[in-house]
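Encoded as structure tokens, the structure appears first; notes follow it.
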Amino acid sequence: MAELLVFPQDLVLQAIDPAEAIERVRDGFVEYAGNEWQMPPKVYLDASPNGDFRAMPAKGAGIAILKWVTSFPRNPEAGLPVVMGMICVSSAADGEPLALVDVRAVTALRTGAVAAVAAQELAREDARTVGMIGCGLHGTWAARCLAAAEYGPGVCFDPDPEAAGELAGELGWEAGTREDALACDVVTSVTPGNEPVVRVGDLRPGMHLNMLGADGPGKAEAEPEAVARCEVFCDEWAQASHGGELTGAVEAGLVTRDQVAELGAVLTGSHPGRSAPDGVTLFDSTGLAIQDLALCLALIESHRAGRVRADSVRL
């Protein structure tokens, strides 16, 4: 019988703070870009009209994971989270099951961490202010990670003024309008992706856009024409071009593969990143299993080092 470690939400957040999450996610991109880690394509299982399931495998650093995660946007109406599921962690050496990890905490942490990594690599060197569009769970962690990376002060905007005010109060930032958020150096959008929140007229020289909400087919947070006006970067081309912020612009023929660089290429020095201080950079994040792998590795290492103590369950 296998004995699995169990990492619930509270333990995940106790073991990994935003600063470590940023460095771990950065390392994951580097390992993947160097072909040290492997990641087959994400699989979508449609559950229309309510949402979908996603299966996301990855392998590296001696472990293999399978992330089983949901996206059911209307769940809050029933008092349930949009994102639910678990990450199964196994030994890559012999296949032994090692752990079960809460998916919400890892997803929120790695989503926030990649926003900070992208800003560090793609924003202007003197960029400081943060504009948050969307202050739900993932927007909150994106703001926390950007603050941990020493960005700020910021402006928080959300259709729910209470959510924006709560996040702004936590970080010592301000609640404001969409336009206020778009006036900042690093604009991070984390909305459901049902309609554009960034338009061509919103683009300003020198700004950096983190687009985190479009993580599946049919979603977009920016007009295709706005995407095409930017220097475009993504986490992984195959996902971004078929189910991310880039999809609309690619399908319209406004953006081609040779116009898009992956973040890993910037991190490893094979792409220079931002070309000029007055350029407009856009990073499309669709969410990668290697990011989840990086944080699961941190959890296993933290448990083995005795920094946190996970419970266990026998199968």
Side-chain angles (χ1 to χ4, degrees), residues 12-13 15-33 104-157 167-168 170-173 181 184-191 206-215 221 230-236 240 244-245 261-268 271 273-274 280-288 290-298:
V12 172
L13 299 179
I16 309 172
D17 64 17
E20 182 176 5
I22 292 167
E23 291 310 309
R24 292 285 186 159
V25 166
R26 175 184 289 273
D27 291 344
F29 273 98
V30 171
E31 295 291 342
Y32 181 60
R104 293 189 74 213
V106 169
T107 302
L109 261 179
R110 58 89 143 151
T111 300
V114 77
V117 174
Q120 290 171 329
E121 296 301 317
L122 302 173
R124 299 189 327 268
E125 288 188 11
D126 63 346
R128 285 293 172 268
T129 59
V130 174
M132 292 300 310
I133 301 177
C135 302
L137 174 66
H138 293 165
T140 293
W141 280 100
R144 288 169 178 164
C145 288
L146 285 162
E150 300 185 349
Y151 287 97
V155 175
C156 301
F157 166 73
L167 179 57
E170 174 188 328
L171 298 175
W173 294 358
C184 295
D185 299 329
V186 177
V187 177
T188 299
S189 185
V190 199
T191 73
M207 75 188 304
H208 170 68
L209 292 160
N210 283 323
M211 311 303 291
L212 309 183
D215 61 349
E221 297 184 288
C230 301
E231 293 184 74
V232 185
F233 302 82
C234 68
D235 51 11
E236 204 262 346
E245 195 60 52
E262 294 184 349
L263 183 58
V266 179
L267 289 167
T268 56
H271 189 282
R274 169 182 285 270
V280 179
T281 49
L282 182 150
F283 173 66
D284 178 8
S285 174
T286 57
L288 303 182
I290 55 161
Q291 300 165 247
D292 304 299
L293 173 64
L295 296 195
C296 287
L297 180 63

Counterpart residues, side-chain hydrogen bond (donor to acceptor under 3.5 Å, both in side chains), relative to Ser189 (two or more places apart): Glu221
Pairwise side-chain contact, Arg104 with Thr107, heavy-atom cut-off 4.5 Å (strictly under): no
Exam field: side chain Asp235 to backbone Gly287, donor-acceptor pair closer than 3.5 Å: yes
Side chain Tyr151, main chain Ala119, donor-acceptor under 3.5 Å: yes
Test log, rule side-chain contact (heavy atoms from CB on, under 4.5 Å), inputs Leu267 and Arg26: CA-CA 8 Å; Leu267 289 167; Arg26 175 184 289 273; 3.1 Å; yes
Check: Thr129 side chain, Asp185 main-chain N or O, donor-acceptor pair, under 3.5 Å: yes
Test side-chain contact (heavy atoms from CB on, under 4.5 Å) applied to Arg24 and Leu109, Leu293, Leu297, the passing residue: Leu297
Atom of Val280, atom of Gly206 and distance for their closest heavy-atom approach: CG2-N, 4.4 Å
From OH (Tyr32) to CD (Gln291), nearest 0.5 Å: 11.0 Å
Minimum heavy-atom distance between Ala142 and Ala115, given as atom pair plus value: CB-CB, 4.3 Å
Worked check of side-chain contact (heavy atoms from CB on, under 4.5 Å) between Ser285 and Met211: CA-CA 6 Å; Ser285 174; Met211 311 303 291; over 6 Å; no
Ring pair (Phe, Tyr, Trp, His ring centres under 6.0 Å) against Phe29, all qualifying residues, sequence neighbours excluded: none
From Asn210 atom CG to Thr188 atom OG1, the distance as rounded to the nearest 0.5 Å: 4.0 Å
Asp284 side, atom CG; Glu262 side, atom CD - distance, nearest 0.5 Å: 11.0 Å
Considering all heavy atoms, the nearest Gly244-Thr286 contact: CA-CG2, 3.6 Å
Pairs touching residues 135-144 that satisfy side-chain hydrogen bond (donor to acceptor under 3.5 Å, both in side chains), sequence neighbours left out: Arg144-Glu170
From OG1 (Thr268) to CG (Leu263), nearest 0.5 Å: 9.5 Å
Atom pair CZ/CD of Arg274 and Glu121 - distance to nearest 0.5 Å: 12.0 Å
Shortest non-hydrogen contact from Pro18 toward Ala148: CB-CB, 3.8 Å
Nearest-0.5 Å distance, CD1 of residue Ile290 to CG of residue Leu295: 11.0 Å
